[in-house]
Amino acid sequence: QSTPFSVTSLSVSLDGEFLWGGTDEGEIFKLNLSEACQIKLLENSENKKVKIWSITQTKPDLLWIGTDGDGVHKYIMEGNFFELIKKGDLSEGNLNHNIVRAAHEDENGNLWIGTRGNGLNLITKTNTPTKVFDTQNGLSNNAVLSLGNDSFKNIWIGVDGKGIDMFETKTGKILHFPDDFENTSDIKLGSVYSICLDAFNDLWIGTSGYGLFRLSIVRKKDGKYRLRDHNHYKSDPLNKNGLNSNIIYSIVEGEPNIMWIGTRGGGLYRLNTISEKFEAFRSNSNDLNSLLNDDVLSLCKSNNENLWIGTSGGLDRLNLTTFPYQFTHYTEQNGLPNNTIHAIQTDQNDNIWVSTNNGLAKLNYRNRQIRSYFYSDGLQSNEFTDGASCFGKQTGKLYFGGVNGLTCFDPNKVSDIEYFPRLAITNFSVFNEPEKEKNPVPFYIDMSDSLKLNYDQNFFRFEFTTLNFHNKQKCMYAFKLENFNTDYTLIKKEGEATYTNVPPGDYIFKVKCTNEDGIWNPD
């Protein structure tokens with residue numbers, strides 16, 4: 001620092017390589033003794049301007065800060081892999097609205113973010129102020145539901161109103177489809193929830209209420225755009241081989257001439273664009289290999305020819321190379337944090353990331369391992385929004401939008417935590433009476449290796465937890481009374497194990513837990 005400051009506390013780091021220091025202004029600094037006593041202020045410090053009396057570093061990555069009159073603060077130094085873009089000062093690259101409904105990274109690495117009611121936000125790589133497009137400067141509706149690009153590098157903007165908008169990157173103007181395009185007199189669409197560019201540079205548009213559209217658009221020499229031809233597919237009760245719903249939230253291309261369409265309430269459809277025939281996939285309670293739920297919210301095709309289907313009842317995987325088609329299910333019972341799958345993305349290692357109504361999940365489908373992340377890990381919120389996600393080819397980041405902004409991260413940097421906090425038995429009681437009232441243990445239960453009960457003290461309870469001060473709510477537990485139980489009982493939060501009518505004998509109580517990444521402690 002350029003000006004003197006008062007040091008009020010010092011402590012040695014866990015590895016002994018540097019010192020932690022606190023000041024009377026509430027600042028925390030890191031004093032590296034091997035670099036000419038270089039002092040660095042702790043990044044993202046949220047401490048108030050109160051005197052720091054003590055600092056202690058503990059595993060895995062926590063810093064405990066004792067203050068003069070403001071209590072004890074816990075600071076997570078590492079392990080927060082997630083970045084946030086939230087509502088705030090536009091001059092600092094923030095958003096103008098809380099709810100994010102669409103995200104798109106263009107070929108220059110600029111980020112386009114659609115909000116639920118304040119238009120479209122553009123955040124550039126050059127750290128310039130956020131630019132806003134709304135109804136006052138060209139947008140037809142301020143509720144942006146979807147984003148996509150065309151072969152001319154223009155950004156298409158699906159809005160919650162009639163038509164669809166297009167930001168022309170060459171001129172910076174916003175055009176309205178169909179009004180500003182030629183040969184579109186018979187086109188009526190709106191409430192666009194999905195935009196997909198296929199291998200032939202045609203745009204596929206999924207709407208809420210208007211059905212499905214294929215648009216083949218050309219740019220003329222005079223710079224104007226013309227609709228060369230189009231197809232319109234909509235629900236028809238007389239056509240059993242067509243769509244069964246006009247509400248389409250997701251479209252992906254399986255291969256050239258094959259499109260997959262996810263509908264609200266109508267299931268999943270495979271469209272052969274040459275024959276124009278639809279093949280329907282619906283939920284069937286009598287068929288375990290059928291679609292989980294007909295309410296399809298999101299679709300994603302991964303690199304190895306798997307189609308992922310996000311529904312209101314869980315996640316499905318469809319291997320596109322195996323016939324007949326069979327669906328593999330992933331739900332809360334398999335470890336998902338929630339069954340409402342709002343958006344799906346795949347990373348460069350073929351892991352599947354899904355946003356839900358209760359956090360974000362990473363799925364390694366080869367070993368069926370699922371890791372969950374929540375608001376406490378640094379997400380914008382536990383609640384995400386339909387279709388609000390994208391993969392940035394320029395930055396390598398994944399983006400997921402929700403009710404309180406946008407979560408973005410490099411999936412290659414999200415690593416598992418190998419640290420296992422100690423497990424503790426916190427209480428023992430007989431006949432539901434407190435330990436101190438009828439205590440068969442001469443001292444604190446966690447310090448005991450064994451205890452002896454009378455034959456009539458056969459109604460007892462253990463209480464346990466893990467000494468995790470990072471993300472305790474993500475730990476799971478399993479327990480059993482050996483020689484009384486055959487299998488472990490699994491619970492997803494700290495709790496208790498109650499036993500009744502246990503016959504006289506010798507027993508071993510065993511309890512184990514996971515760390516916050518769901519990895520079981522071998523001890």
Side-chain angles (χ1 to χ4, degrees), residues 101-114 119-122 124 131-234 246 248 250-253 256-257 259 261 271 273-274 276 387 390 393:
R101 287 303 313 267
H104 175 76
E105 186 184 285
D106 64 25
E107 63 171 6
N108 297 316
N110 299 317
L111 192 58
W112 301 78
I113 304 170
L120 180 64
N121 289 201
L122 172 60
T124 66
K131 187 171 184 179
V132 175
F133 301 93
D134 55 23
T135 53
Q136 295 184 1
N137 60 2
L139 210 62
S140 62
N141 190 291
N142 283 334
V144 177
L145 304 175
S146 57
L147 293 166
N149 62 282
D150 63 17
S151 59
F152 307 111
K153 302 177 183 179
N154 300 317
I155 306 298
W156 286 73
I157 309 159
V159 295
D160 191 14
K162 292 184 179 180
I164 181 172
D165 294 344
M166 185 194 81
F167 177 84
E168 188 178 31
T169 55
K170 188 177 181 179
T171 63
K173 297 180 180 179
I174 294 180
L175 305 180
H176 309 291
F177 182 92
D179 296 347
D180 297 334
F181 290 67
E182 297 180 359
N183 194 33
T184 59
S185 58
D186 59 340
I187 297 286
K188 290 184 179 180
L189 59 81
S191 298
V192 175
Y193 277 79
S194 183
I195 303 169
C196 176
L197 181 68
D198 70 14
F200 305 102
N201 292 324
D202 289 341
L203 282 172
W204 291 81
I205 307 297
T207 73
S208 178
Y210 296 83
L212 173 69
F213 291 83
R214 181 192 65 86
L215 308 178
S216 178
I217 295 173
V218 294
R219 185 166 62 188
K220 300 166 56 180
K221 291 183 179 179
D222 61 3
K224 294 183 179 181
Y225 296 87
R226 183 177 186 274
L227 181 65
R228 182 169 55 191
D229 60 71
H230 76 283
N231 295 88
H232 183 199
Y233 308 93
K234 58 182 179 179
N246 285 327
I248 297 161
S250 189
I251 308 167
V252 298
E253 184 178 33
N257 295 312
M259 305 299 296
I261 299 102
L271 170 62
T273 61
I274 297 177
E276 295 195 347
C390 72
K393 293 182 179 179

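Note that these values count all heavy atoms, side chains included, but never hydrogens, waters or copies made by symmetry. Start at 1 with the first residue, then count along the sequence.
Atom NE2 of His104 is separated from atom OG of Ser146 by 11.5 Å, given to the nearest 0.5 angstrom. The CZ atom of Phe167 sits 9.5 Å away from atom CG of Asp106, with the distance rounded to the nearest 0.5 Å. To the nearest 0.5 angstrom, Trp204 atom CH2 is 9.0 Å from Glu253 atom CD. Taken to the nearest 0.5 Å, the CG atom of Asn121 stands 9.5 Å off from the CG atom of Leu111. With values rounded to the nearest 0.5 angstrom, Arg219 atom CZ is found 5.0 Å from Lys170 atom NZ. With rounding to the nearest 0.5 angstrom, the CG atom of Asn142 is 13.0 Å from the CZ atom of Phe133.
Considering Asp134, Asp165, Asp179 in turn, Asp165 is the only one that fulfils the side chain to side chain donor-acceptor pair (under 3.5 Å) rule with Ser140.
Within the structure, salt bridge (Lys or Arg N to Asp or Glu O under 4.0 Å) pairs that include any residue of residues 196-217 comprise Asp202-Arg214, Arg214-Asp229 (at least two apart or interchain).
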Original post:
So Arg226 and Val218, side-chain contact (heavy atoms from CB on, under 4.5 Å) or not? Walk me through it.
Top reply: CA-CA 5 Å; Arg226 183 177 186 274; Val218 294; 4.0 Å; yes

Original post:
Ile164 and Ile157: side-chain contact (heavy atoms from CB on, under 4.5 Å), yes or no, with the steps?
Top reply: CA-CA 6 Å; Ile164 181 172; Ile157 309 159; 5.7 Å; no

**OP:** In sequence, state the C-alpha distance, the side-chain angles, and the governing distance for Val159 and Leu145, and then conclude on side-chain contact (heavy atoms from CB on, under 4.5 Å).
**Re:** CA-CA 5 Å; Val159 295; Leu145 304 175; over 6 Å; no

**OP:** Tell me, with the steps shown, if Asp180 and Tyr225 meet side-chain contact (heavy atoms from CB on, under 4.5 Å).
**Re:** CA-CA 8 Å; Asp180 297 334; Tyr225 296 87; over 6 Å; no

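The minimum heavy-atom distance linking Cys390 with Ala103 is given by the pair CB-O, 3.4 Å. When all heavy atoms of Thr273 and Glu276 are compared, the closest pair comes out as O-CG, 3.7 Å. Among all heavy-atom pairs drawn from Ile113 and Leu120, the shortest one is O-CD1, 3.4 Å.
Checking side-chain atoms of His176 against main-chain N and O of Leu139 turns up no donor-acceptor pair under 3.5 Å. Panel note: side chain His232, backbone Ile187; no donor-acceptor pair is recorded below 3.5 Å. Between the Glu168 side chain and the Leu175 main chain, no donor and acceptor come within less than 3.5 Å of each other. Side chain of Asn154 to backbone of Thr169: a donor-acceptor contact under 3.5 angstrom is found. A donor-acceptor contact shorter than 3.5 Å is absent between the side chain of Asn108 and the backbone of Asn110.
Between His230 and Asp186, the closest side-chain pair of non-hydrogen atoms falls below 4.5 Å. The closest side-chain heavy-atom distance from Asn201 to Phe152 is not below 4.5 Å. Between Lys162 and Asn141 there is no side-chain heavy-atom pair separated by less than 4.5 Å. Counting heavy atoms from C-beta outward, Ile155 and Leu147 have side chains that approach closer than 4.5 Å.
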Which atom pairs, donor and acceptor, lie under 3.5 Å between side-chain atoms of residues 189-197 and protein residues at least two apart or in another chain?
residue : atom : partner : partner atom : Å
Ser191  : OG   : Asp160  : OD1          : 3.4
Ser194  : OG   : Ile251  : N            : 3.1

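The aromatic rings of Trp156 and Phe181 sit tilted relative to each other, their planes meeting at an angle between 30° and 60°.
Salt bridge status for Glu105 with Lys393: absent, with no side-chain N to carboxylate O gap under 4.0 Å.
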